[in-house]
Each structure stands twice: as C-alpha cells, then as structure tokens.
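Step one of this worksheet: look at the structure below.
Computed over heavy atoms, backbone and side chain alike; hydrogens, waters and symmetry mates excluded. Note that this is a predicted model, so its numbers are computed, not measured.
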Number of protein chains: 2
Amino acid sequence: MATASRQEILQAVLELFRECGYEGTSMAMISERTKLGKASLYHHFPGGKEQMRDELVKLLADWFRPRLEQLKDDATPPRGRVKVFMSELDSFFEGGQRGCLFAALAVGTAENGCRIELKDLMNLWISALAELAEKSGVPANDAQTRAEDCVAQLEGALLVSRIVGDKSIFKRALRQAPDMLFGSSRQLES
Amino acid sequence: MATASRQEILQAVLELFRECGYEGTSMAMISERTKLGKASLYHHFPGGKEQMRDELVKLLADWFRPRLEQLKDDATPPRGRVKVFMSELDSFFEGGQRGCLFAALAVGTAENGCRIELKDLMNLWISALAELAEKSGVPANDAQTRAEDCVAQLEGALLVSRIVGDKSIFKRALRQAPDMLFGSSRQLES
DNA sequence: CTGGCGTTGCCGAACGATTGGTATAATTTC
DNA sequence: GAAATTATACCAATCGTTCGGCAACGCCAG
C-alpha cells in the first residue's frame, strides 16, 4: 500500500536534510514523510541514516558532474554556458527558499564521514568555473579567486535568502555570476 | 573550583554550536566542555538548551549592534569605517575556520524559536551597510543590493572556507567588502 | 492450471543507548 | 549559618536500530 521507491525516499530525505539538517532530521520524521515504517527504511538502506546521507552526497555529485563537464564544452560561448548552468542551479535550489545540502552537511559533529566528498565536490565546482574563466581570457590566478568568490556568493546568497526570507537575493546572485567570472570590472588586489 | 561564570559557559556553548550546530550539540557535550555537571548547567540556565541558544542570539545582537552604530559615525571616512568593521568581523569569526552562528541556527527544525531574531539582526546588518553606502553617494536602490550581496559574500565565503579548508577565501571577502559597497565598478542590472 | 516456495517490500514492536531535564543532597562560598 | 553552586542519581521520552513475521509477487515443478 505505502510503496515508495528508493528514489522517492531519497528525495524526501533530501528535503528534510536541507530543511532541518542531518542531526535535526530523525528517522521518525523520515518515516512520517515517506509514509513508510522505520523498519521499511532499513530494508532499503541497511546502513541507516549514514547511508542515506552518503547516497545523497553521491547523488549531489552525480547532479553536478555532468553539468560541470558541460561547462567545458567549447561549442557555445562561455557566458551562455554559465547562464545555462545558473538557471539549472536555480531549479536545483528551487528558487532559493530551500537550503543547500552543502551547508546542511557542513554543520555537524566531527565524525562526519562525508566531509572529504563534499570538499572534493566543491573544489570540482570551483575549478570548473575557474577553468572556464581562464579560457575566456581571465588571468590564471585571478580566475581561481573569481571562481571561489562566485561560489561563495551563491552559497551565501542562498543562506541570506533563507534567513531574511527574500529569495531575490539568491536570484540576483545567479544573474550576477557571469559578471563575477568574466566581467572586466573586478578590482585586482595587490 | 570549577566555577565557570555564565559568560564562560556561553562561550563554550557558542563554540560547540558553531562547530556542531544546535541539534548536533548535546547537553552531555556541553557538560564535558565546561567541566560542569548537567545540574550545574540547568542551575545557570533553567531553560536548558533553548535558553542558551536564545541568550547566544542576544549576545550576537549585542556584539553587532554597537558596531553597526559605529558604522554610522560620520567622524571618519566611510571606507575606513568599513575596514575597521571588517577587521572586527575577522576576529569575531576567528579568521574563518570556525562557522557562523547565523548559519548554524538557520538549519534546524521548524519550531526554531529564534528565527525572527536572527532575521531581524541580519536585516539590521544589511541596512547598516546599505545606509553607509547610500551616504557615500551610491544610489539608494543599488545601495540595498550592494549591502545584501556584501553580507551574502561574507557568509558564503565563511561556508566555502570551512568546507574546502582554505580560510584565504574568507580573508579575501573581508578585503573586498569595501569595494563591493562603494566601488564604481559594479554593474547595475536593468 | 495448481500448489508450493523463495524473494521482495512492508510493518508493529521492541531493543539498548542517549536525549533533554529534574529531583535531592552534598558541597562550597561568604 | 544561609545562600549559592555542584554532584549523584534518576526520570520519561526519544534516538537510531533490529527483530520476527506478514502479505504479495514471480517462478518453476508437477
């Protein structure tokens, strides 16, 4: 009767993690959200909550990787590629009201198993943007900092949007991202 | 002997919250960190963990408010004032490796009592920067977005610094903040 | 077609451990 | 000695997790 596939379960858990964080989400909450008994959850995920988190991180990586690859496809102009990527980020973060899995999992007790994966993924994200900026003529050292700042702006905008309840901040960060990467207006620091 | 004052307890709890989040921090952890029995903690904070959180938010506000007021002091040039504020932010966030209480408390279950206070405080922060930018000649509507983006950049840089383990990202956000607020290089959007 | 049988998915109930919280008594401090 | 502070022991509730069993499925032998 209450039959939910693995994907559906993970989707529900993702929503809960993004809203309540890893430690703030209990198996009881997951059970309630998925309409599945707790025992059923352990049937699909014998490793329990940790396995769910790990699979979600893997899912996150699977979402990012092909899109970061797509950024390197030289068939279309760089600005356009970034804009496409940003619009995908927009729908991925559902407009900004919901939190980010990165942020949700960055907070937590030390034995957080998946920190390395998160770090690697974020570095992958940054370096993809940096590479793109560099190929567009931005000096190498500046390209790296631009990419870092761009990702920081997006993540920060997501957080601020959530706290003050105004998603336009996140929307603006998406729009400004291309200029942060390529714009000539950026001051270099000594 | 182990007479930890309220301030010392709150300081320890602050560190734990910033590192592990609100739900990720247990009273047992607080007890261990402060070397105080749980009963002692409840003697100082009859309201338990919630009261600690609320008092920490109040402490956060008490830290911010005078410094935001100081931003409005027209005795010194605006850029200098912002730089001073940023260096204070630097020591407040201890160079960037530690997380932010805003971010730590933004994640959590819905009945999060202090969300309104956090929202108001962040709005206060933003509007103080916006007012400063406006007084320095930035058009009013642009000043608001600059301030929002500036705060987002700082919070995001803090998060990214923590995840990838490179505090230079946060340091750079501090340095670039004045330009984000006042710089003429920023593109307006249609 | 039938009858069993293993597999799969689900659930109620319960596990030990830990959660936040509270008695009450012993201790310190002044 | 009175007040403030701490420790010991305990509480119900909830935590993540596990167990045993039940219903429904496809599959193959007879």
| query | Think A:Tyr42 has a side-chain N or O under 4.0 angstrom from the OP1 or OP2 of D:dT17? | reply |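 Result: yes.
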| B:Ser40 side chain N/O closer than 4.0 Å to the phosphate oxygens (OP1, OP2) of D:dA7? |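 The answer is yes; a side-chain N or O of B:Ser40 sits under 4.0 Å from OP1 or OP2.
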| query | Is any side-chain heavy atom of B:Ile30 less than 4.5 Å from a side-chain heavy atom of B:Thr34? | reply |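 They are in side-chain contact.
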Return the value, rounded to whole Å, for the distance between atom [atom1] of [X] and atom [atom2] of [N].
X: B:Arg6; N: D:dT5; atom1: CZ; atom2: C1'; value: 14 Å
X: A:Met27; N: D:dT18; atom1: CE; atom2: P; value: 10 Å
X: B:Met29; N: D:dC15; atom1: CE; atom2: P; value: 18 Å
X: A:His43; N: D:dC19; atom1: NE2; atom2: P; value: 15 Å
X: A:His44; N: C:dC11; atom1: NE2; atom2: C1'; value: 12 Å
X: A:Ile30; N: D:dT14; atom1: CD1; atom2: C1'; value: 15 Å
X: A:Phe45; N: D:dG16; atom1: CZ; atom2: P; value: 15 Å
X: B:Glu8; N: D:dT6; atom1: CD; atom2: C1'; value: 15 Å

| request: Anything under 30° is parallel, anything over 60° is perpendicular, the rest tilted; go ahead and classify B:Phe85 against B:Trp125. | output: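 Rings of B:Phe85 and B:Trp125: perpendicular, over 60°.
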| Hey, does the side-chain of A:Lys38 have a donor or acceptor N/O within less than 3.5 Å of a partner on the base of D:dT17? |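 Yes.
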| query | Do A:Arg98 and A:Glu19 meet the salt-bridge criterion of a basic N to acidic O distance under 4.0 Å? | reply |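 Not counted as a salt bridge, because no side-chain N and carboxylate O are separated by less than 4.0 Å.
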| Pair B:Asp179 + B:Arg79, salt bridge at N-O below 4.0 Å |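 Salt bridge between B:Asp179 and B:Arg79, a charged N being under 4.0 Å from a carboxylate O: yes.
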| task | Tell me what B:Ser31 touches on the nucleic acid: a base, only sugar-phosphate, or nothing, going by heavy atoms under 4.0 Å. | result |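 The answer is nothing, as B:Ser31 stays clear of every strand by at least 4.0 Å.
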| Between A:Ala39 and A:Ala28, which is nearer to the 5' end of DNA chain D once each is assigned its nearest nucleotide? |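 On the 5' side of the pair lies A:Ala28.
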| field | Derivation of the side-chain contact (heavy atoms from CB on, under 4.5 Å) call for A:Val138 and A:Leu181 | value | CA-CA 8 Å; A:Val138 178; A:Leu181 285 175; over 6 Å; no
| request: Tell me which nucleotide among D:dG16, D:dT6, C:dG21 gets nearest to the side chain of A:Lys49. | output: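 Closest nucleotide among those given: D:dG16.
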